Structure formats: C-alpha cells, structure tokens
Amino acid sequence: MSARVERPFLEGWFAKDEAGAHLVGARCTSCGTYYFPRQVRFCRNPACEGEQFEDVPLSRRGRLWSFTDACYQPPEPYIAADPFVPFAIAAVELEREKMIVLGPVVQGVGVDALTVGMPMELVIGTLSETPTERHLVWQWKPVA
Amino acid sequence: MSRDIAILGVGMHPWGKWGRSFIDYGVAAARAALKDAGVAWRSVQFVSGAATIRNGYPGQVAGATFAQALGWQGAQVNTSYAACASGAQALAAARSRILSGECELALVIGSDTTPKGFLAPAKGERPDDPDWVRFRIGITNPAYFAMYARRRMALYGDTVDDFALVKIKNSEHGFGNPNARYRKRFTAAEVAASPMVASPLRLMDVCATSDGAAALIVSSIDYARRVGRGDAPRIAAISTVTPTFASAIIEMPDIATDSAVAATVHSFRAALPAKAYEISGISPSDVSVAEVYDLSTALELDWIEDLQLCNRGEAAALLRSGATRVGGRIPVNPSGGLACFGEAVPAQALAQVCELTWQLRGEAGARQVEGATVGITANQGLFGHGSTVIVKR
Ligand SMILES: [Zn+2]
C-alpha cells in the first residue's frame, strides 16, 4: 500500500487533542449560543446582537437522534470508492450545546446496529481517498 | 373588508419527462387557465412568475419570459424565487397587488424542466456552502427524509408498512388524474420490493423530479362578481413565514441544527399552516381536504400533524383508519401528491392550489372529495422557505 498524505477534507472543522476527537464550534460570548460550522459573524439568535465568538470544542458524546444510510452512490462532490461502499449516517443530539449534528457513521457499523437514543461518540476516520491523499472526516460511532 | 381573492381559472401541463423547454409547458398551462377563467390574455394586468433556477436567464426572469411567450401586452410583471415555495410567493405577490387595488386580474405561473437523477449542487469547491459540505460527505436529500421517517418510527411506533400505505393510497388517488406522471396502482409487495434508497425509505417512498407547469387566473372579489363568478373558490390565506430560531429538527441542507441553549425550539413545518389559520380565521376542524408536500411517504404523516388534522403522533392511525383516502373523513393528497407527480419545483405549490380549486368546484371526477368547502396546502423547500395556502368556497 502506498503512503497517502492525510488531510482533513475541510480545514478547521474538527481536531484531536489528548481527550480525543472533537468538532470545532463557535460560541457567542453574549448569549452562549453554539455554532457548527464555526464560521459565524453575527449571532443568529434574534434576541442577541452578539458579534464576538470564541472557538470551543463541541461535546464528544451525544445521543442518537435519528439515522439512515446511503445505499446509492451520492453525486459529486462526494468522492466514491470503486466499487461504492454504502455507509450509515447519524444525527446526534449534543446535550450541552442543545444541537443536533450530522455525520457519517464509522465504516462497518450499519443501520441494524443503531437505535434512536443510543450514546454515540465522535471519532476521526476516512471520508475518501485519491492515489496520493486520504481525506479525513468526523464520524459518529456507538459508544462501546 | 374582505381579504380574499377569487380563483377564476386554473390550468396545468401534465407532469412527466417531456424533454422540452419549460416555456412550452408554462404557456400551455397559462392558456388552459385563461380558457378555464373565460378571460382574454390581453385583459391580464399583472403576470407573476415563479422562477426556475435550472433554466438560465429565462428561468430567473420567469414572469417576463411567459409574458413574452404569450405576447407582450404591457402587463406589470414580477418573478419570485423561494425554492419549493416559489409558486406560493408568486401567488402572494398577485394577492398583494389585488388587495392593494393596484390590479384586478392576474396570471400566476410556474413551470420547470428538471435534470435526471439526484438534485446535486453546483460545481466547484465551496466549503462555505452547507449544500456543498453535505454532498461532499455524501448526505443527499433522501437521507434527511429518511431521518425524519426513522424518528417517527422511534417516537410514535410508525412502521415501514405505514409508509407503504401512504404510497398505495396516493397511487390510487392519482390513478385517474390526467395531469399525474405516474398513473399506476401500487401494492404493498411492490413497495417492499423496490430498492432501499436511505433506510427505512425505499425508492417507492421517495418522490422523483418532473417537468410540469401550473397556472392560476386570480382576481379581486369585485371583478369576480362583475363577471358573474362571485361564487368562485377564494384564496383565504397565504402563509410564507420563515422558521423561528431555534430549529427543532435538522433541516436540509444544514449539517447541524441551531443550538437551543438561549432559545426554545420551534417547528418550522407546524408554523406554516398555523399562520394561515390565523390569517383566515379558519380552524383545522373546518378543513375538508389537504394537499401536502409528500417528498417522502413518511413526510405526509408529519404534515398531517403539522396541519393539526390529528394529534401529534396519530397520523399513521388516521391513515390506517382510511380517513385520509378519498371517501374518508379528511382526504389527503387526492391529486395523488408528489408520489404520482414527482416534483416540478416552481410549479408544485401552484399545482396544489389547482387541485383544491377543482375539488371545491366539484370537478375532480373519480378523485372528488364530496362536499369539499375548505382546502389547505403545505409545502417546504430549502433555505427556510415554505408555504401554506387556504382555499375556500
Ligand atoms: Zn448570541
């Protein structure tokens, strides 16, 4: 296997520290509302005029709000393996942030292994590969 | 003062994949609506078009494009874009002009020619665009519908058989509708045998995209009376409200909801009809028939609850009882819905109003809802757009 250069498919959306993988969100310093993705200039809470935000790691764990899978190869800009490998998709509710975040489920875990309400945790995995690159993405994984 | 306007005429070009320009379909629908209204094209004072984004400049200036194709005659013109609610916003523009006294007679029109396959985002790497991001990680439109469907299964105990029953019902309704694209009665076995697209939804649970056009001739109540049409169906309300922060569910094309740490959550879908009920003074118990945006079979059940036609979580039971079939207590999608039409984005919200108009006139043939006096539509598209229209006799 040739060595591929690993890089996140988007810069600055997720990170890894000693505690593990996390999404990088923003938090309004006026009202506390969280944002993901973090690119936000004006707070979208209609009761808040905040324009100052701090980067914050979002909760690494949450509860499965709902889930599905992609049985057909999605269109571009999705970069599919050949042959296409179906994958599950999870919507996970973060308690502290009171928000739901979508993401692919780790490879090898299908919809049969998922139940609404189950605890999930964030990991970093492979989204796609080219001959020279491996593109990383955040993924949801059932808590073991 | 009455805030109603009259629907003098409706017309459609049949839905399908015809491979022609959207202008052709639009003109056919407009001419059908003019004929139905008994109105000459040259007496139309305002042309309100719903934009279609996949057809270049002509689609983005749809009002003028149709006005030219019908023959420039100096009418005032307008074009509206609001994703799936474009047609409703075009209708709202006409209603405002009529109620303000600026015009008496208007043509409202939407038409589309759609590409094959998944609706996909524009090309190029655009990480600032949530639509690009979600397709890059492989989350297509059916994935959102599937997550809503799965949520119903978990919260209310709905089953895939319930979702199939929506398809079976709508295919029975659309079977005799000459404007429907798919006119075939489906069985539970056929739905179950169709390929899985996004679990729990199969191909037959998810709507296609179609070519099609719908047009309305609307007027002031005064005008309708003067031409002996004072009894024509009326538009009692149009709601095109935005969502209210914070979003309760994950909306296409977003990858996250709003955070609700500093605000309560609000359902966008439920807000659309709520505003229309408030505007019209009509209550859910007055409704005789509904046309809802069944992008998926399961979504029809969500809409029935959002329209307050039953309590939250009880739509599947209502469906199983037969109440939502033509002949039942509260028929839903007598036209056959998107299941039988497929979605022609700028035309679809107007097609819903066409169907309600035929229903309220008692001209819907085999799919007629007996004694229908109040109809309601529900529709939702991308980027915080949606609509509800209430039509009454
Ligand atoms: Zn704020």
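Values below: every heavy atom of this structure, side chains too, minus hydrogens, waters and symmetry copies. Computed from a predicted structure; not experimentally measured. A, B, ... follow the sequence lines: proteins, then strands. Residue 1 opens every chain.
- A donor-acceptor pair is defined here as one N or O able to donate and one able to accept, closer than 3.5 Å; no such pair exists between the side chain of R150(B) and the backbone of T68(A).
- Minimum interatomic distance between A91(A) and M147(B) (heavy atoms only, all atoms of both residues): CB-SD, 3.8 Å.
- In this structure, the separation between OG1 on T140(B) and CD on Q73(A) is 11.5 Å, given to the nearest 0.5 Å.
- Annotation for E133(A): atom CD counts as buried by contact number, over 12 foreign heavy atoms lying within 6.0 Å.
- Considering only heavy-atom pairs separated by less than 4.5 Å from chain B, the leading option among T115(A), V92(A), L10(A) is L10(A).
- Within the 4.5 angstrom heavy-atom criterion, no atom of A47(A) approaches chain B.
- Here G138(B) is the residue among P130(B), G138(B), A154(B), A146(B) with the most heavy-atom pairs under 4.5 Å with chain A.
- The nearest pair of heavy atoms linking V261(B) to R96(A) is CG1-O, 3.2 Å.
- Both the backbone and the side chain of V101(A) come within less than 4.5 Å of a heavy atom in chain B.
- When the shell of 6.0 Å around CD of E54(A) is examined, it contains more than 12 heavy atoms from other residues, nucleotides or ligands.
- You'll find the side chain of V111(A) reaches within 4.5 Å of the side chain of S199(B), heavy atoms only.
- In this structure, CD in Q139(A) is found 10.0 Å from CD1 in I137(B), a value given to the nearest 0.5 Å.
- A heavy-atom distance below 4.5 Å is found between the side chains of Y72(A) and P195(B).
- Taken from OG in S259(B) to NZ in K98(A), the straight-line distance is 8.5 Å, to the nearest 0.5 Å.
- The most heavy-atom pairs under 4.5 Å with chain B, out of G32(A), G25(A), C48(A), S66(A), come from S66(A).
- Contact annotation: the side chain of I255(B) approaches that of F36(A) to within less than 4.5 Å [non-hydrogen atoms, C-beta and beyond].
- Of the listed residues (N45(A), I89(A), I79(A)), the one with the most heavy-atom contacts under 4.5 Å to chain B is N45(A).
- For L94(A), no part lies under 4.5 angstrom from a heavy atom of chain B.
- Considering every non-hydrogen atom in both M99(A) and A256(B), the closest pair reads CE-CB, 3.9 Å.
- Formation of a donor-acceptor pair under 3.5 Å by the D69(A) side chain with backbone atoms of A198(B) is not found in this model.
- By number of non-hydrogen pairs under 4.5 angstrom with chain B, the leading residue of F67(A), F9(A), W13(A), W65(A) is W65(A).
- A donor atom on one side chain and an acceptor atom on the other are found under 3.5 Å apart for S128(A) and R136(B).
- The contact between I100(A) and chain B is made by backbone and side chain atoms together, counting heavy-atom distances below 4.5 Å.
- For the atom pair E76(A) CD and F135(B) CZ, the distance stands at 12.0 Å (nearest 0.5 Å).
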